[in-house]
Amino acid sequence: MADSPVITRFAPSPTGHLHIGGARTALFCWAFARRMGGRFLLRVEDTDQARSSEASARGILEDLAWLGIDWDEGPLLEAGRSEGGRAIGGDPRGVGPFFQSQRRAVYDGVIDGMLERGSAYADFSSSAELDARRKRATEANETFRYRPDDGEILPVAEQRRRIDAGESHVVRLRSPQDPVRVVDEVLGEVKFGAGEVDDFVLRKPDGFPTYHFGVVVDDETMGVTHVLRGQEHLMNTPRHVVLQRVLGYRMPVYAHMPLIFNDKGAKMSKRERDQTAREAVKTAGLTAPPPGTMDEHSFGAWLSDKKRQLETRQLEALAGAMHLRLPEVSVDDFRRAGYLPEVICNFIALLGWNPGMKNEDGTDLEKFDRDFLARHFDLARIGKTNSRFDRRKLESFNHDAIGAMSDDEFARRWRGWCAVHDPGLLAKIGARFPLLAAAVRPRCATLADGRDVGGFALIDDDAVVYDPGAVKKHLLKGEPSGLSLLARLGEALARVEPWEPGAIQATVERFAAEAGVGIGQVAQSLRVAVTGTGVSPGLGETLALVGKAGVLRRVGRCGERAAFSGRA
RNA sequence: GGCCCCAUCGUCUAGCCAGGUCUAGGACGCCAGGUUCUCAUCCUGGAAACCGGGGUUCGAAUCCCCGUGGGGUCACCA
C-alpha cells in the first residue's frame with residue numbers, strides 16, 4: 001500500500017564486531033524493505049556507556065557496507081572510497097539522530113510524561129538491595145519479578161523532589177498486569193500470561209535509557225513498521241508490547257528469526273576463537289609465544305585465564321605461526337579469511353530462509369544474489385528451526401563463486417584483498433600477479449588460499465623445500481627414474497621460446513614422447529624439482545610462473561642434492 | 001526451575017499451512033568409479049532422514065494431544 005510503506009531497521013549495539021547472526025538480521029531487514037518498496041534504517045544503540053565505542057560502531061557500519069547492505073536512513077558513511085565511493089545513510093525524514101546516546105532529550109520527555117501520569121515511577125533503592133532480593137529468590141527456586149505493591153511506591157511529588165535533589169535512581173514502568181498476545185510472522189500466535197512482565201527499568205541511574213525503552217520509543221518515533229530480529233528477543237516482546245500500550249503507540253509487526261549456531265551446536269561466540277587457539281597451544285605443548293606474536297607476559301596471562309581474549313592481531317599472528325585455522329564468527333573474520341561478500345550474503349540468507357524454487361535441472365535454487373533477495377524475499381518462508389553454520393558448505397559456495405569468475409575478475413578481487421591483508425604477496429610477485437591469479441583461481445576456495453596454492457612462486461629458487469615422500473615417489477622410483485630425466489629435461493626447457501604455458505607444455509610432451517616415458521612421470525618429476533611437492537597448478541602454468549631462469553636453477557639444484565641418494 | 005520457541009539424511013533444507021502424486025526431492029559433506037601430468041575441477045553411481053507414543057481419517061512427514069529431546073530467556077547488557 002502506498003499509504004503504509006514498510007520501514008524496517010537494524011539496531012546494533014556497538015560493543016564489538018558485527019556478528020554473522022547480526023549480519024543475517026540486517027540482510028533480512030534490508031531485503032524485506034527492498035522487496036516491499038519500503039525503507040531500511042540503521043540505528044546505533046549505544047546506551048551502554050561502558051561497553052560502547054565509536055570504533056566499534058564504525059566497524060559495524062563498514063562491515064554492512066562491505067556486504068552490500070546499504071541503509072536508506074541512519075549514520076552517514078562514505079563507503080568504498082577506493083572504488084569511486086558512495087555515501088550511505090542520511091536523514092531525509094528528519095527522524096534522527098540515529099545514535100541513541102544523542103536522543104536523551106526524546107527519552108526524558110517521554111519519561112516525564114509517564115512520571116506525571118503515574119505509568120512510571122522513580123525507584124531509589126540501591127542495586128545492591130535488588131541483587132540481594134534476586135539472589136534470595138533464586139535460592140528459593142522462585143522466579144524473581146520486581147513488582148512492588150501500590151503502597152510501596154512514593155507519591156509523585158515526593159519522587160519529583162528527590163529526583164530534583166539529584167538522588168540516584170532508576171525509573172521503572174508501572175507494568176499493567178495484562179496478558180499479551182502477539183501474532184508473529186514467523187512463529188504464529190504467541191501468548192504470554194498476565195503478570196509475566198514486571199516493573200522493568202526504563203532509565204538507568206546514568207540517565208541513559210535501557211534497551212527496552214530506547215527500542216520502543218525509537219521504533220515509534222522513526223515509524224518502524226516491521227521488527228525482524230533473532231529469536232533470542234522473543235521474551236522481550238511482551239515487555240515492548242506492554243510499553244507500547246501504555247504509551248499509546250502502534251504495535252509493529254514482529255518476525256522472530258531462528259538462531260544460528262556453530263558446527264558444535266553451541267552459540268557462535270568470539271570466545272570460540274580464543275578457545276580454539278588455547279587448546280591448540282596446549283596440545284602442542286607450547287610454553288612460550290611463537291616469535292613475533294606477543295610478549296611472554298600476555299601469553300602466559302591469556303593461557304591461564306579461560307576468559308581472557310587476545311587482540312585480533314595477536315590471535316591471528318599466533319594462529320598463523322601455528323598453521324591453525326580459527327573459526328570465523330564475525331563478518332570481519334570472514335572478510336579476512338577471504339570469503340566474498342556476495343557469497344556470505346547468499347549463504348547466511350539460506351540459514352533460515354529458502355526461496356522454495358527449482359532450477360531448470362530440477363535441483364533446488366540456492367545460489368542467488370542480493371538483487372534476487374530484494375525481489376523475492378518474504379517473511380512467510382523464514383523457517384522456525386535453528387541452524388548450524390556449516391563452514392564446509394560456505395567454502396563450497398565461495399569456491400564455486402571464484403570458479404565462475406573470469407581470470408581478470410578474480411585477479412582484480414584477489415589483488416584488492418591482498419592489498420589489505422597480504423601486501424607482501426603483491427610485492428613479491430610483481431608483474432606476474434595476473435599469471436599467478438590465473439593459475440591459482442580454480443584451486444582456491446577463498447582468497448586467502450591463493451598464497452598456499454601458489455606458494456612455490458613466492459619463494460626464492462634456492463629455498464625450495466623438498467618433500468621426502470614426493471621425492472621418493474616421483475624422482476627416485478621407476479625406470480628410468482625421474483631424477484635421471486631431469487638433466488636432459490633442463491636442456492630441452494632451456495630452448496623453450498617464448499616462455500609461456502602452451503610452449504612449455506608442448507616441449508614437455510615432446511620430451512616425454514621422445515624419451516618413451518609417460519607424460520605423467522615427466523610432469524611429476526619436474527613438478528617436484530620445481531615446487532618440492534607433487535601438487536601444483538598445471539605444469540605449464542607452474543613453470544611459466546617460476547620463470548625460465550628460476551626453473552633451470554631449481555632443476556639444477558634438485559639434481560645436485562645428495563639427499564636424494566635414496567635414504568629419504 | 002518459571003516462561004517461551006522448535007523437531008525431515010551428519011549439516012542446510014524442499015515437502016507440511018490447503019492429508020493421497022513421498023518406494024520423502026535437492027545442496028554441502030562422505031563413499032565408489034570415470035576423465036585428467038599432480039591437485040582442484042568435471043562426469044556417473046551410492047549410502048544416508050520424516051524423534052517416540054497415542055489419536056483423527058479410507059489414507060498422516062503433513063492435522064490434534066502427550067512424552068522425549070534441543071534451544072532461547074529470566075540485568076540498573078543489548
Side-chain angles (χ1 to χ4, degrees), chain A residues 11-15 45-48 50-52 123 126-127 130-131 134 138 141-146 168-172 184 186-188 190-193 196 198 200-206 208 210-212 214-215 230-238 256 258-259 261 263 265 267 347 350-359 361-367 380 383-397 399-400 403 440-445 453 470 474 505 508-509 512 518-528 531 533-540 542:
Chain A
S13 166
T15 54
E45 310 218 322
D46 55 346
T47 55
D48 185 334
R51 296 199 307 145
S52 297
D123 175 5
S126 73
S127 60
L130 239 177
D131 287 346
R134 199 182 341 263
T138 309
N141 225 341
E142 285 165 11
T143 305
F144 178 74
R145 286 196 189 85
Y146 189 84
S168 178
H169 67 284
V170 297
V171 174
R172 291 178 179 276
D184 188 275
V186 171
L187 301 171
V190 183
K191 289 174 172 170
F192 305 90
E196 285 295 318
D198 69 357
F200 62 91
V201 173
L202 305 177
R203 190 173 68 190
K204 299 182 272 187
D206 64 5
F208 279 71
T210 58
Y211 161 73
H212 304 296
V215 160
Q231 233 171 68
E232 74 265 22
H233 284 295
L234 185 59
M235 295 310 283
N236 290 153
T237 308
H256 287 92
L259 272 16
F261 297 111
D263 43 19
K267 204 169 170 180
F347 187 72
L350 243 19
L351 259 28
W353 185 78
N354 187 291
M357 298 179 197
K358 297 278 186 200
N359 293 306
D361 63 1
T363 56
D364 290 355
L365 174 68
E366 51 177 17
K367 298 276 181 71
K384 298 178 179 181
T385 43
N386 298 158
S387 51
R388 294 186 187 208
F389 194 95
D390 183 359
R391 277 194 187 72
R392 306 303 296 269
K393 187 158 178 171
L394 201 219
E395 225 172 82
S396 167
F397 271 39
H399 181 263
D400 289 349
V440 127
R441 187 178 63 83
R443 294 160 181 81
C444 285
V453 177
H474 301 297
Q505 178 72 23
V508 171
E509 279 171 18
I519 178 78
Q521 196 196 344
V522 179
Q524 281 306 82
S525 344
L526 250 184
R527 198 181 319 266
V528 174
T531 71
T533 75
V535 177
S536 87
L539 193 65
T542 300

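Small disclaimer: the values here were computed from a predicted structure and weren't measured. Below, chains carry the letters A, B, ... as their sequence lines are ordered, and counting in each starts from 1.
Whole-Å rounding puts the A:Gln505 CD to B:rC37 C1' distance at 7 Å. Look at OH on A:Tyr146: it is 17 Å from C1' on B:rC74, rounded to the nearest Å. The distance between atom NE2 of A:His212 and atom C1' of B:rC76, rounded to the nearest whole Å, is 11 Å. When the P atom of B:rA75 is taken as reference, atom CG of A:Asp198 falls 8 Å away, rounded to whole Å. Rounded to whole angstrom, the span from the OH atom of A:Tyr211 across to the C1' atom of B:rA75 amounts to 14 Å. The distance between atom CZ of A:Arg443 and atom P of B:rC39, rounded to the nearest whole Å, is 11 Å. If you take NZ of A:Lys367 and P of B:rG26, they are 16 Å apart, rounded to a whole angstrom. We find that CG of A:Leu539 is positioned 11 Å from P of B:rU38, with the value rounded to whole Å.
Each of A:Ala523 and A:Leu365 was matched to the nucleotide of RNA chain B holding its nearest heavy atom; the match closer to the 5' end belongs to A:Leu365. Ranked by how close their nearest RNA chain B nucleotide is to the 5' end, A:Thr47 and A:Ser396 are led by A:Ser396.
A gap of 28 Å separates the C1' atoms of B:rA18 and B:rA27, to the nearest Å. Nucleotides B:rC76 and B:rC30 are separated by 49 Å at their P atoms, to the nearest Å. B:rA49 sits 10 Å from B:rA24 when the P atoms are compared, rounded to a whole Å. Only the P atoms considered, B:rU62 is 15 Å distant from B:rG55, to the nearest whole Å. On the P atoms, B:rC9 is 16 Å away from B:rG26, given to the nearest whole Å. Rounded to a whole angstrom, the distance from the C1' atom of B:rU8 to that of B:rG25 is 11 Å. Atom name P, nucleotides B:rA40 and B:rG29: the rounded distance is 12 Å, in whole Å. B:rG70 and B:rC51 are spaced 16 Å apart, taking the P atom of each and rounding to whole Å.
Residue contacts shown for A:Ser126 include a base, since a base heavy atom lies under 4.0 Å away. Among the atoms of the strands shown, none is found under 4.0 Å from any heavy atom of A:Phe200. A:Val170 comes within contact range of at least one nucleobase, with a heavy-atom separation under 4.0 Å.
Looking at every heavy atom in both residues, A:Arg527 comes nearest to A:Thr542 through NH1-OG1, 4.4 Å. Closest non-hydrogen pair, A:Asp263 versus A:Arg388, comes out as O-NH1, 3.2 Å. Across every non-hydrogen atom of A:Val508 and A:Ile519, the tightest pair is CG1-CD1, 3.8 Å. Taking both residues in full, the closest heavy atoms of A:Tyr146 and A:Leu130 are given as CD1-CD2, 3.8 Å, listed atom of the first, atom of the second, then distance.
Under the Watson-Crick or G-U wobble criterion, with both distances below 3.5 Å, B:rU68 is paired with B:rA7. In a base pair of the Watson-Crick type (N1 to N3 plus N6-O4 or O6-N4) or a G-U wobble (N1-O2 and O6-N3), with each distance short of 3.5 Å, B:rA40 is matched with no nucleotide. Using N1 to N3 plus N6-O4 or O6-N4 for Watson-Crick, or N1-O2 and O6-N3 for G-U wobble, each under 3.5 Å, B:rG2 pairs with B:rU73. The partner of B:rC30, taking Watson-Crick or G-U wobble pairs whose two distances both stay under 3.5 Å, is B:rG46.
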Starting at the 5' end of nucleotides 1-18 of chain B, put B wherever the base has a protein heavy atom under 4.0 Å, S where only the sugar-phosphate does, and a dash everywhere else. SSBSSSS---BBSSS---
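A:Thr531 and A:Ser536 form no side-chain donor-acceptor contact under 3.5 Å, judged by distance and modelled atom types alone. For A:Tyr211 and A:Asn236, the side-chain atoms include no donor-acceptor pair closer than 3.5 Å.
Partners of A:His212 under the ring pair (Phe, Tyr, Trp, His ring centres under 6.0 Å) rule, at least two apart in sequence or in another chain, are A:Phe200, A:His240.
Using a cutoff of 4.0 Å between basic side-chain nitrogens and carboxylate oxygens, A:Asp48 and A:Arg51 are scored as salt-bridged.
Looking at A:Asn359 and A:Lys367, their side chains never come closer than 4.5 Å, going by heavy atoms from C-beta outward.
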